[in-house]
Number of protein chains: 2
Amino acid sequence: MRLSTKGRYAVTAMMDLAIHDRKGPVTLADISNCQDISLSYLEQLFAKLRKNGLVKGVRGPGGGYRLAKPRSDISIAQIICAVDEKVDATMCSGEENCQKGERCLTHELWMGLSKRIYDFLDSISLEDFLSRPAIQEIIERQDGRRVPARSDGNTMAWADE
Amino acid sequence: MRLSTKGRYAVTAMMDLAIHDRKGPVTLADISNCQDISLSYLEQLFAKLRKNGLVKGVRGPGGGYRLAKPRSDISIAQIICAVDEKVDATMCSGEENCQKGERCLTHELWMGLSKRIYDFLDSISLEDFLSRPAIQEIIERQDGRRVPARSDGNTMAWADE
DNA sequence: CAGTAGCCGAGTAAATCAGTCAAGTATTAT
DNA sequence: ATAATACTTGACTGATTTACTCGGCTACTG
């Protein structure tokens with residue numbers, strides 16, 4: 001399992017989505033604004049998240065993305081694996097011929113290690129993180145930056161151009 | 001903290017070093033043979049490991065590398081951080097102005113997450129891994145591939161050229 | 001049917017990875 | 001001392017990944 005900034009972007013976006021999921025679909029444009037992630041990059045990430053059954057796309061006006069499962073059923077590990085697509089940690093891809101036909105030191109070492117990291121990340125759900133008080137504060141502050149309520153009639157999407 | 005193949009190479013090499021450290025300095029050429037890692041790449045990794053006080057270089061004939069500390073005092077986390085050099089997980093590098101002067105969601109999220117991963121990896125020492133039975137087997141098998149005992153008088157360094 | 005918003009693919013600059021090559025310098029055995 | 005050993009340093013490279021843009025398409029809603 002690889003742990004890179006790519007995974008962080010995905011987790012952050014999923015957090016944002018989880019926070020606002022109750023009020024209906026969330027647009028990528030909103031997430032892009034709030035979390036400062038490029039819209040097109042988000043599209044790529046969400047394409048993978050969708051293929052892995054973590055989110056559902058809702059098309060048309062008023063559409064956006066929704067979580068495909070309850071917050072508590074989505075772990076950090078699932079998100080990272082979805083965008084990294086290379087779950088495999090060993091270079092011998094599961095076979096044990098990595099070193100001249102035999103199992104290498106790395107095999108035992110990294111298999112065990114990455115399994116434990118995976119288990120750890122898999123034990124943390126979106127729900128777990130959202131319930132932390134420090135997170136709650138940030139959520140409230142960021143809400144100010146969000147596009148005003150949709151039913152308001154004026155989305156102001158064009159306003160700053 | 002980043003988790004990539006680079007870190008794995010470093011950990012594997014350190015494992016190999018830890019295994020044979022008792023018999024005196026270990027050459028990078030030996031590690032290169034046993035673990036199938038490019039010699040020049042090992043040189044780069046060990047330069048960083050040395051700067052971070054994890055290994056000591058011993059020059060001259062019969063030289064090589066030694067652990068700078070007891071096996072039990074070297075954690076997986078230390079090794080990975082040494083070669084990745086970017087311990088920092090947030091993009092705002094510890095400052096909290098990542099998002100237009102304020103703290104971003106990522107900040108809380110990833111700081112907590114990467115701290116827990118770090119703590120986890122930091123709780124595993126080289127000693128811990130070496131004591132595992134499955135590892136012991138591999139060590140014994142790999143020893144056959146090693147350059148014959150040094151005091152033998154015939155290093156055969158030129159033999160296969 | 002017009003507009004919103006997801007969907008898809010090609011393309012790209014920059015960074016990182018994994019490795020090579022070449023020229024050193026320090027140490028030790030003889 | 002001198003040669004051999006072995007670490008040290010730096011420049012350089014191809015491949016891959018990251019993060020991102022652009023352009024066009026499709027499905028859906030009001």
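First the proteins, then the strands, lettered A, B, ... as listed; each starts at 1. Hydrogens, waters and symmetry mates play no part in the numbers below; they use all other heavy atoms, side chains included.
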Under 4.0 angstrom between [X] side-chain N/O and [N] OP1 or OP2:
{"X": "A/R59", "N": "C/dT4", "answer": "no"}
{"X": "B/Y9", "N": "C/dG19", "answer": "yes"}
{"X": "B/S38", "N": "C/dT20", "answer": "yes"}

Base C/dT20 to side chain B/Q44, donor-acceptor N/O within 3.5 Å cut-off: yes
Taking atom types as they are modelled, is there a donor-acceptor pair under 3.5 Å from the base of C/dG6 to the side chain of A/E43? no
Could you tell me how far apart [X] ([atom1]) and [N] ([atom2]) are, to the nearest whole angstrom?
{"X": "B/R8", "N": "C/dG19", "atom1": "CZ", "atom2": "C1'", "result": "16 Å"}
{"X": "B/I37", "N": "C/dC17", "atom1": "CD1", "atom2": "C1'", "result": "14 Å"}
{"X": "B/D30", "N": "D/dC7", "atom1": "CG", "atom2": "P", "result": "10 Å"}
{"X": "B/F46", "N": "D/dC7", "atom1": "CZ", "atom2": "C1'", "result": "12 Å"}
{"X": "B/L39", "N": "C/dA22", "atom1": "CG", "atom2": "P", "result": "15 Å"}
{"X": "B/Y41", "N": "D/dA11", "atom1": "OH", "atom2": "P", "result": "18 Å"}
{"X": "A/K6", "N": "C/dC17", "atom1": "NZ", "atom2": "C1'", "result": "16 Å"}
{"X": "A/K48", "N": "C/dC8", "atom1": "NZ", "atom2": "P", "result": "13 Å"}

Non-hydrogen side-chain atoms of A/R66 and A/V26 separated by less than 4.5 Å: no
When you compare the side chain of A/F129 with that of A/M15, does any pair of heavy atoms fall below 4.5 Å? yes
With no hydrogens and no angle check, just 3.5 Å: does a side-chain donor-acceptor pair link B/Q78 and B/K69? yes
Go through D/dC7, C/dC8, D/dT18 for me and flag the one nearest to the B/T27 side chain. D/dC7
Quick note, A/L28 side chain, CB onward, closest among D/dT8, C/dG6, C/dG3 is C/dG6
